[in-house]
Amino acid sequence: MENKNSRRQNRLKLVIYITLSIGFVSAMAMSLKNKTVSKNEDGNLMATIAGDNSTNSVADPATNEKENNSETINKQREQESKEAFLAAYKVFMHPRCMNCHPKADVPLQGDDSHLHAQGVKRGVDGKGVYALKCKNCHQDENLKGDYLPPGSPGWHLPPANMKMVFEGKTPRQLAMQFKDPKATGFKNFKKDMLHHVEKEPLVLHSWTYRTPPPLSHAEFVAKVKEWIDKGAAIPDK
Amino acid sequence: MINLKINGKAYEVDADPSTPILWILRDHLGLTGTKFGCGAAQCGACTVHLNGDGIRSCISPVSRAAGKEIVTIEGLDPKLSKPLEQAWIQEDVPQCGYCQSGQIMAAAILLRDNANPTDSDIDDAMTGNICRCGTYQRIRKAIHVASDLRRKK
């Protein structure tokens with residue numbers, strides 16, 4: 001009877017040892033699995049893990065190098081995007097462009113961007129007021145002769161509810177404005193922005209009279225495209 | 001030959017299409033109410049209406065008027081010209097009078113589009129018409145009078 005009880009106790013101990021062993025092995029396996037998942041999901045956590053001597057074998061030097069390269073490339077693209085915008089900014093702020101994007105409701109004139117003579121005003125639709133409509137003097141073509149009004153079909157300022165002010169804006173402020181759909185009315189930023197600088201007749205017309213902008217139209221469009229393609233980064237200032 | 005419609009009347013004019021409308025009016029058709037001031041759209045003395053817009057006839061080639069209607073000071077709608085004329089006389093507006101044709105053509109557009117203009121509206125509408133005699137205060141007052149006359153009728 002005693003031998004029988006003793007055997008039962010030994011069997012019970014064996015079951016307990018086996019159960020504890022299985023539990024311990026399972027816990028270790030789960031721990032390793034969690035570390036591996038974190039490594040894949042979160043690069044920062046991976047770096048923390050890699051710093052732990054007990055798990056050095058998890059960090060993969062090739063992956064680290066790849067991710068560092070990717071970060072460097074991203075930073076380089078962002079910098080190139082900003083530089084492209086700064087090049088295009090010189091065109092945006094040139095009198096041929098900025099004169100029709102004034103901060104007040106009076107357009108600007110000439111290479112010194114003085115207030116437009118005749119005291120003309122924007123009007124609700126950007127086309128002037130009463131007997132001083134833009135098109136009254138700015139006809140469909142440039143007039144030949146000094147001090148005569150340039151012209152193009154559809155000559156106008158941005159309307160009063162969407163003034164698109166360039167005058168006085170820093171590169172950072174101007175880029176932020178371009179990316180604000182409430183300011184531009186663009187439904188598709190990339191498509192509409194490129195269309196405006198590439199196809200808008202008044203934009204194209206800016207290269208046809210008086211002192212032209214500092215880049216050719218093709219160079220200007222390329223810079224705007226590069227700015228957008230590389231992430232439309234906002235300049236620092 | 002260029003076919004024109006001026007003050008409701010059809011004209012056939014033998015002129016180069018680049019000839020300014022001003023010289024067609026004055027030299028070809030004898031409509032001398034419209035004046036030459038600066039020749040560069042700066043002063044407003046040559047203002048006429050082209051399909052209702054107050055264009056500067058000194059810089060507008062006659063080709064611009066093809067298929068459209070020109071109205072000069074001689075042909076201004078009496079609904080606008082009469083109250084303006086009466087107000088101009090009442091306020092004794094003109095001094096030398098040279099710019100007044102352009103002033104009245106600009107004022108007519110203002111009153112057509114804004115029956116009861118404020119001082120600010122008048123300034124916005126008339127700022128493009130220069131008067132060397134400086135009759136601006138009387139012009140502003142006369143436009144208020146003309147506005148009242150139109151609304152009373």
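Quick caveat: nothing in here was measured; it's all calculated off a predicted structure. To find a chain, count down the sequence lines: A is the first, B the second, and so on, and within it residues start at 1.
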Give me a line-by-line list of donor-acceptor atom pairs from chain A to chain B that are under 3.5 Å apart, or tell me none exist.
{"from": "A:Q118", "atom 1": "NE2", "to": "B:A41", "atom 2": "O", "distance (Å)": "2.9"}
{"from": "A:K121", "atom 1": "NZ", "to": "B:D124", "atom 2": "OD1", "distance (Å)": "3.0"}
{"from": "A:Y130", "atom 1": "OH", "to": "B:N114", "atom 2": "ND2", "distance (Å)": "3.0"}
{"from": "A:K135", "atom 1": "O", "to": "B:R64", "atom 2": "NH2", "distance (Å)": "2.6"}
{"from": "A:N136", "atom 1": "O", "to": "B:R64", "atom 2": "NH1", "distance (Å)": "3.0"}
{"from": "A:N136", "atom 1": "O", "to": "B:R64", "atom 2": "NH2", "distance (Å)": "3.3"}
{"from": "A:N136", "atom 1": "ND2", "to": "B:G54", "atom 2": "O", "distance (Å)": "3.0"}
{"from": "A:Q139", "atom 1": "NE2", "to": "B:I59", "atom 2": "O", "distance (Å)": "2.9"}

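- Of all residues spanning residues 219-237 of chain A, none has a heavy atom less than 4.5 Å away from chain B's heavy atoms.
- Contacts of residues 172-194 of chain A with chain B at a heavy-atom distance below 4.5 Å are absent; not one residue qualifies.
- Between chain A and the residues B:C43, B:A41, B:A107, the most heavy-atom pairs under 4.5 angstrom are made by B:A41.
- Residue A:P149 comes nearest to B:I59 through the heavy atom pair CG-CD1, 3.6 Å, listed as atom of the first residue, atom of the second, then distance.
- Among residues 75-102 of chain A, no residue has any heavy atom closer than 4.5 Å to a heavy atom of chain B.
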